[in-house]
J.: 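Take a look at the following structure, please.
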Amino acid sequence: MSKEITSRSTDYAQWYNDLILKGGLADYSAVRGCMVIKPYGFALWENMRDALDRMFKDTGHVNAYFPLFVPKSLFEAEEKNAEGFAKECAVVTHYRLKNDPSRKGALMVDPEAKLEEELVVRPTSEAIIWNTYKGWIQSYRDLPILINQWANVVRWEMRTRLFLRTAEFLWQEGHTAHATREEALEETKKMLDVYADFAENWMALPVIKGVKTESERFAGAVETYCIEAMMQDGKALQAGTSHFLGQNFARAFDVKFSDKDNKLEYVWATSWGVSTRLIGALVMAHSDDDGLVLPPRIAPWQVVIVPIYKGEEQKAKIDVKAKELANELRAAGVRVKYDDNDNARPGWKFAEYEMKGVPVRIAIGARDLENNTVELARRDTREKVSISADGLTERIVLLLEQIQQSIYNKALAFRDAHITKVNSWEEFKQVLNDKGGFISAFWDGTPETEAAIKEETKATIRCIPLDNVQEAGKCVYSGKPATQRVLFAQAY
RNA sequence: CGGGAGGUAGUUCAGCCCGGUAGAAUACGUGGUUUGGGACCACGGGGUCGCAGGUUCGAAUCCUGUCCUCCCGACCA
């Protein structure tokens with residue numbers, strides 16, 4: 001046993017870190033708050049990225065790339081946005097190093113090489129993009145602009161956690177420009193739907209679509225839509241956001257267009273993004289005390305084949321069978337790893353691939369060759385069966401779909417079991433404390449009440465669900481009249 | 001930024017209190033036996049003890065400074 005995982009009940013935070021590190025997704029680096037995404041973790045991200053990228057393109061978007069640096073004067077143009085991010089910006093002030101005369105072999109910042117204007121390392125790209133759009137948009141004929149970029153951004157957070165909050169992270173950010181308010185709003189909601197679709201159908205992660213309250217809104221947005229997910233420790237995690245920016249950025253960067261009647265109008269905007277944080281969500285939603293549990297649709301390897309043999313002769317025979325099977329599976333579009341590494345024994349491999357969350361394991365040994373069988377094990381339920389080797393490919397393709405569904409259903413059942421309607425403040429605190437999860441409660445709609453609840457319980461309003469029913473009630477905290485329930489939770 | 005822990009072999013850690021020139025497990029290399037749930041034996045390679053000063057005949061160990069990482073909190077579109 002070289003890789004012990006801390007159990008969830010012992011220390012949830014440590015369990016999470018163990019999975020990331022021992023599962024081979026990422027590593028700490030020498031840079032404060034920054035992580036190294038290892039090949040296995042990056043393969044997972046690539047699968048997520050590719051699926052999302054297809055969905056963006058299917059909804060009419062194209063990719064482009066904008067600079068990492070934003071001149072400070074551009075950054076500050078949209079005041080609320082700048083203010084919202086100001087406290088967590090990395091800033092470039094110099095462009096050259098030189099030998100330090102006082103310390104041999106050391107370098108120092110060359111004071112002669114101070115930039116005339118500081119460059120902000122983008123925490124988000126609205127500023128540089130809208131500055132660019134200004135030059136691209138004159139007429140309604142230039143609209144809409146539907147651009148996405150895959151990029152890294154930097155937010156100098158006080159406290160970081162692998163994948164969930166790192167100083168630098170990878171994400172995509174869509175930035176669209178529209179001629180009308182309606183079209184921009186429609187875009188905002190469309191991309192929220194894309195995110196929800198992706199979360200549920202690819203990540204097997206059930207999410208609640210909703211709107212943020214004013215205090216949780218993106219700095220510079222008119223309205224922030226979000227998808228919220230529930231983790232196994234009862235804390236919520238914001239999995240993606242889609243912002244209706246109104247004309248705020250168009251005004252800040254003076255982006256106007258002539259409409260059909262030759263009237264000058266400010267352009268309407270949206271932006272939307274998801275990040276490598278989704279990997280954190282994935283880990284915390286599905287995994288168990290034995291390691292990662294990855295949904296087949298995005299797992300780097302969907303199937304691992306482990307040969308079990310005594311001696312070279314047996315290995316050669318099993319090799320033939322295993323490679324044949326691997327090729328058949330690959331032809332059917334299944335991502336397969338055949339692990340014939342002779343240095344590790346089968347038991348070690350079993351544990352290792354369970355740790356890494358590979359959905360399906362096939363073991364083939366001498367017995368199997370004789371009986372024309374294989375041992376089939378699924379990661380999510382730990383079920384293990386010996387089955388005929390005939391028709392295995394079809395069976396596995398089907399099984400992968402079943403596992404995908406099964407993981408989703410499990411997460412959904414957990415999520416639904418962790419939405420609790422409460423009607424009194426006492427109940428609110430008790431449920432939050434004993435059970436966690438989402439708390440559905442009436443809210444009087446004021447930021448004051450929201451802040452007071454946060455102060456007392458650390459719970460925030462995660463969202464006002466889009467499909468909310470309007471009903472009369474009394475605010476759980478203030479007792480004032482309320483028109484609907486909203487979802488509270490402690491969040492990552 | 002407050003509280004806590006820590007930096008010694010690739011990794012996890014012991015050694016530090018009480019100074020004497022670095023050790024275990026694991027990983028790695030070679031050979032052999034093994035292989036249906038994290039194998040075993042033998043031999044072997046590997047560390048300027050985070051960094052910089054200081055005290056001392058002598059520092060991983062004591063003193064001062066400094067950098068960095070992790071955890072909890074505050075903060076967090």
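Excluded from the calculations below are hydrogen atoms, water molecules and symmetry mates; all remaining heavy atoms, backbone and side chain alike, are included. First the proteins, then the strands, lettered A, B, ... as listed; each starts at 1.
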J.: Answer with yes or no whether A/E354 presents, from its side chain, a donor or acceptor under 3.5 Å of a partner atom in the base of B/rG38.
T.: no
J.: Taking the C1' atom in each of B/rU64 and B/rA22, what is the distance between them to the nearest angstrom?
T.: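 The answer is 25 Å between these two C1' atoms.
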J.: Select one nucleotide: of B/rG38, B/rU35, B/rC75, the one nearest the side-chain heavy atoms of A/E157.
T.: B/rC75
J.: Can you measure A/Y12 atom OH to B/rC71 atom C1' for me and round it to whole angstrom units?
T.: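 In whole Å, B/rC71 C1' lies 16 Å from A/Y12 OH.
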J.: What integer distance in Å separates A/K458:NZ from B/rC76:P?
T.: 14 Å
J.: Does A/K80 reach a base, just sugar-phosphate, or nothing at all? Heavy atoms under 4.0 Å.
T.: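 No contact at all - A/K80 keeps every heavy atom at 4.0 Å or more from the nucleic acid.
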J.: In whole angstrom, what separates A/R161's CZ from B/rC71's P?
T.: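 After rounding, the reported distance stands at 7 Å.
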J.: Of the options B/rG37, B/rU35, B/rC75, whose atoms approach the side-chain atoms of A/D342 most closely?
T.: B/rU35
J.: When both hydrogen-bonding distances must be under 3.5 Å and the geometry is Watson-Crick or G-U wobble, what is B/rU48 paired with, if anything?
T.: none
J.: Using atom C1' in both nucleotides, what's the gap between B/rG38 and B/rG23 to the nearest angstrom?
T.: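 Those two atoms are separated by 26 Å.
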J.: Between B/rC71 and B/rU33, how far is it from one C1' atom to the other, in whole Å?
T.: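 These two C1' atoms come out 45 Å apart once rounded.
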J.: Without decimals, in angstroms, what is the distance between A/D18 CG and B/rU11 P?
T.: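 To the nearest whole Å, that distance equals 16 Å.
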J.: Please confirm whether the shortest side-chain N or O distance from A/N17 to OP1 or OP2 of B/rC70 is below 4.0 Å.
T.: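 Result: no.
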J.: Quick one: label A/S271 by what it contacts on the DNA or RNA (base, sugar-phosphate, nothing), any heavy atom closer than 4.0 Å.
T.: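 No contact at all - A/S271 keeps every heavy atom at 4.0 Å or more from the nucleic acid.
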J.: Tell me whether the side-chain N or O atoms of A/K310 pair up with the base of B/rG36 as donor and acceptor below 3.5 Å, since no angle test is needed here.
T.: no
J.: Quick check for you: among B/rG36, B/rG38, B/rC76, whose closest atom lies nearest to any side-chain atom of A/P346?
T.: B/rG36
J.: I want to check a possible cation-pi pair here: A/R335 against A/W301, using under 6.0 Å from ring centre and within 45° of the ring axis as the test.
T.: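 So A/R335 doesn't make the cation-pi contact.
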J.: Could you tell me the Watson-Crick or G-U partner of B/rC62, where both distances fall under 3.5 Å? Say none if there is no partner.
T.: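 Pair assignment: B/rC62 / B/rG54.
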J.: If we call it a pair only when both distances are under 3.5 Å in a Watson-Crick or G-U wobble match, what pairs with B/rA22?
T.: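 Partner of B/rA22: none.
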J.: Strictly by modelled atom types, are A/D342 and A/Y309 linked by a side-chain donor-acceptor pair under 3.5 Å?
T.: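 Yes - a donor-acceptor pair under 3.5 Å links their side chains.
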J.: When you get a sec, tell me which of B/rU35, B/rA74, B/rC76 is the closest nucleotide to the side chain of A/M158?
T.: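 Selected nucleotide (nearest to the side chain): B/rA74.
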J.: Give one of base, sugar-phosphate or nothing for A/Q238, where a contact means two heavy atoms less than 4.0 Å apart.
T.: base
J.: Whole-Å distance between B/rG36 C1' and A/W348 CH2?
T.: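 One finds 18 Å between C1' of B/rG36 and CH2 of A/W348, rounded.
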J.: Could you check whether A/Y28 gets within reach of a base, just the sugar-phosphate, or nothing at all, counting any heavy atom under 4.0 Å?
T.: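 The residue A/Y28 makes sugar-phosphate contact but no base contact.
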J.: Mind checking the P distance from B/rA59 to B/rG19? Whole angstroms is fine.
T.: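 These two P atoms come out 14 Å apart once rounded.
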J.: Return the value, rounded to whole Å, for the distance between atom CZ of A/F85 and atom P of B/rC76.
T.: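 The answer, rounded to whole Å, is 12 Å.
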J.: Distance check, P atoms only: B/rC16 and B/rU61, in whole angstrom units.
T.: 13 Å
J.: Among pairs that include at least one residue of residues 448-459 of chain A, which meet side-chain hydrogen bond (donor to acceptor under 3.5 Å, both in side chains), considering only residues two or more places apart or in two chains?
T.: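 Pairs touching residues 448-459 of chain A that pass the test: A/T213-A/E450, A/S215-A/E450, A/D444-A/T449, A/T446-A/T449, A/E456-A/Y477.
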J.: Provide, to the nearest angstrom, the distance between the CG atom belonging to A/N343 and the C1' atom belonging to B/rC28.
T.: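 It works out to 11 Å between those atoms.
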J.: Counting only Watson-Crick pairs (N1-N3 plus N6-O4 or O6-N4) and G-U wobbles (N1-O2, O6-N3), all under 3.5 Å, who is the partner of B/rA5?
T.: B/rU69
J.: Could you tell me whether A/F56 and A/W272 have their ring centroids closer than 6.0 angstrom?
T.: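 Yes, they do, as the ring centres are separated by less than 6.0 Å.
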J.: Taking atom P of B/rG10 as reference, at what distance in whole Å does atom NZ of A/K22 sit?
T.: 19 Å
J.: Would you verify whether the NZ or CZ of A/K235 falls within 45 degrees of the ring axis of A/Y492 while also being under 6.0 Å from that six-membered ring's centre?
T.: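 Yes, A/K235 sits over the ring of A/Y492.
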J.: Determine the contact category for A/E126: base if any of its heavy atoms lies under 4.0 Å from a base atom, sugar-phosphate if only primed atoms, P, OP1 or OP2 are that close, otherwise nothing.
T.: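 Touches nothing.
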J.: Tell me the partner of B/rU34, counting only Watson-Crick (N1-N3 plus N6-O4 or O6-N4) or G-U wobble (N1-O2 and O6-N3) with both under 3.5 Å; none if nothing fits.
T.: none
J.: For B/rC1 versus B/rG20, give the span between their C1' atoms, rounded off to a whole number of Å.
T.: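 Taking atom C1' in both B/rC1 and B/rG20, they lie 43 Å apart.
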J.: Ignoring backbone atoms, establish whether A/R345 has a side-chain N or O less than 4.0 Å from OP1 or OP2 of B/rG36.
T.: yes
J.: Can A/Q149 and A/S125 be counted as having a side-chain donor-acceptor contact under 3.5 angstrom?
T.: yes
J.: Here's one to test your reading of the geometry: is the NZ or CZ of A/K356 within 45 degrees of the ring axis of A/Y40 and under 6.0 Å from its centre?
T.: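 Yes, cation above the ring, under 6.0 Å and within 45°.
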J.: So which one's nearest nucleotide on RNA chain B is more toward 5', A/A344 or A/R217?
T.: A/A344
J.: Take atom P in B/rC68 and the same atom in B/rU56, then report the distance between them in whole Å.
T.: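 It comes out at 31 Å once rounded to the nearest Å.
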J.: So A/R361, base contact, sugar-phosphate only, or nothing? Heavy-atom distance under 4.0 Å.
T.: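 Base contact.
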J.: Within 45° of the six-membered ring axis of A/F350 and under 6.0 Å from that ring's centre, is NZ or CZ of A/R361 located there?
T.: yes
J.: Between A/L292, A/D288, A/L19, which is the residue that forms a side-chain contact (heavy atoms from CB on, under 4.5 Å) with A/I5?
T.: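 Passing option: A/L19.
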J.: Touch check for A/E375, heavy atoms < 4.0 angstrom, all strands: base, sugar-phosphate only, or nothing?
T.: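 A/E375: base contact, heavy atoms under 4.0 Å.
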J.: Taking the C1' atom in each of B/rG10 and B/rC28, what is the distance between them to the nearest angstrom?
T.: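 The answer is 8 Å between these two C1' atoms.
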J.: So which one's nearest nucleotide on RNA chain B is more toward 5', A/R277 or A/K349?
T.: A/K349
J.: Applying the Watson-Crick and G-U wobble criteria at under 3.5 Å, what pairs with B/rC75? Answer none if nothing qualifies.
T.: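 Because no pair has both required distances under 3.5 Å, B/rC75 counts as unpaired.
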J.: What nucleic acid atoms does A/Y225 come within less than 4.0 Å of, heavy atoms only: base, sugar-phosphate, or nothing?
T.: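 The residue A/Y225 makes no contact with any strand.
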J.: Give A/G84 one of three labels, base, sugar-phosphate or nothing, depending on what nucleic acid heavy atoms sit under 4.0 Å from its own.
T.: nothing
